[in-house]
Amino acid sequence: MQDCLFCKIIAGEIPSKKIYEDEYTYAFHDISPQAPVHALVISKTHISSVAQHQELSDAELAACLRTCAKVAELLGITQSGYRIVNNCGEDARQTVHHMHYHVMGGAQLIERMA
Ligand code: 5GP
Ligand code: ZN
C-alpha cells in the first residue's frame with residue numbers, strides 16, 4: 001500500500017534489520033526497542049489492524065503467530081520466555097497502521113501493560 005511505512009520496509013524501500021522472512025510474513029528489529037529483544041512481525045499483505053482480519057486468509061493469519069515463535073527461536077528467547085503484543089486501534093495506541101505483532105523478551109518484563 002502506498003505511503004505505508006511497513007509496506008515500504010517489506011519492499012526494501014526503507015531499511016530494516018531483518019530477522020526472518022517467508023511467503024506470508026516479514027520480521028525485523030523494532031527501531032526503538034522497549035525490551036532487550038524487541039522484534040516486529042508483519043503480514044506481507046497490508047491490513048491496517050486485526051480489525052480487518054477478514055481480508056487475510058487463515059494461512060496468512062496463522063503464519064503471523066508461527067513467525068512470532070520462529071523469531072523467538074532465532075533470537076534465543078524460547079526458553080526464557082517472551083510476550084507477544086498486538087495493538088489494535090486508538091485506545092491501544094497503535095501508531096503504525098499495518099498490522100504487526102511485537103515479540104519482546106530477553107529480561108523480566110513489567111507485570112502489567114495497562
Ligand atoms: P505500535 O505502537 O503501532 O503498536 O508499534 C509500532 C512500532 O513500530 C513501534 O514499536 C516503533 O518503535 C516501531 N517503528 C516505527 N517506525 C519504525 C521504523 O521505521 N523501523 C522500525 N524497525 N520500527 C519502527
Ligand atoms: Zn502496509
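Excluded from the calculations below are hydrogen atoms, water molecules and symmetry mates; all remaining heavy atoms, backbone and side chain alike, are included. All of these numbers come straight from a predicted model, not from anything done at the bench.
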Identified side-chain contact (heavy atoms from CB on, under 4.5 Å) counterpart of Cys68 within the set Leu40, Val41, Thr25 = Val41
Please answer: with hydrophobic residues joined when any side-chain heavy atoms are less than 4.5 Å apart, are Val71 and Tyr101 in the same cluster?
-> yes
Going hydrophobic residue to hydrophobic residue with side-chain gaps under 4.5 angstrom, can you get from Val50 over to Val96?
-> no
Is atom CD of Gln2 surrounded by more than 12 heavy atoms (other residues, nucleotides or ligands) closer than 6.0 Å?
-> no
First locate atom SG of Cys64, then atom CD1 of Ile84, and finally report the distance between them rounded to the nearest 0.5 Å.
-> 10.5 Å
Only counting residues at least two apart or in another chain, list the ones meeting salt bridge (charged side-chain N to carboxylate O under 4.0 Å, His left out) with Glu21.
-> Lys18, Lys44
Establish whether Tyr20 and Val103 are linked, either directly or via other cluster members, by ILVMFWY side-chain heavy-atom contacts under 4.5 Å.
-> yes
side-chain contact (heavy atoms from CB on, under 4.5 Å) between Asn87 and His102: does it pass, once the steps are laid out?
-> CA-CA 9 Å; Asn87 295 320; His102 301 256; 3.7 Å; yes
Glu13 atom CD, over 12 foreign heavy atoms within 6.0 Å | yes
Quick one: does Asp3's side chain get under 4.5 Å of Lys8's, heavy atoms only?
-> yes
Measure the NE2-CG distance between His53 and Asp58 for me, rounded to the nearest 0.5 Å.
-> 10.5 Å
Residue list, side chain to side chain contact (heavy atoms under 4.5 Å, CB included) with Thr45, at least two apart or on another chain = Ser43, Leu56, Glu60
Over all heavy atoms of both residues, which pair between Gly105 and Ala35 is shortest? Give the atoms and the distance, please.
-> O-CB, 3.7 Å
Gap separating the SG atom of Cys88 from the CZ atom of Arg93, nearest 0.5 angstrom | 15.0 Å
Fit a plane to each ring of His98 and His46, take the angle between them on a 0 to 90° scale, and name the class: parallel (under 30°), tilted (30 to 60°) or perpendicular (over 60°).
-> perpendicular
Met104 versus Val85, closest heavy-atom pair with distance = CE-CG2, 3.5 Å
Can you tell me how far CD1 of Ile110 sits from CD of Gln34, rounded to the nearest 0.5 angstrom?
-> 9.5 Å
Nearest heavy-atom contact between Ile19 and Leu74 is O-CD1, 3.8 Å
Roughly how far, to the nearest 0.5 Å, is CD of Glu111 from CG of Leu109?
-> 11.0 Å
Tightest non-hydrogen contact, residues Ala107 and Pro36, listed as CB-CG, 3.7 Å
Residues Tyr82 and Thr78: closest non-hydrogen pair is CE2-CA, 4.1 Å
Which residues share a side chain to side chain contact (heavy atoms under 4.5 Å, CB included) with Ser16, sequence neighbours left out | Ile9, Tyr26, Phe28
Closest heavy-atom contact between Ser32 and Asp30?
-> N-OD1, 2.8 Å
Kindly check if the number of other-residue, nucleotide or ligand heavy atoms within 6.0 Å of CD1 (Ile14) is above 12?
-> yes
Asn86 side chain to His100 backbone, donor-acceptor under 3.5 Å | yes
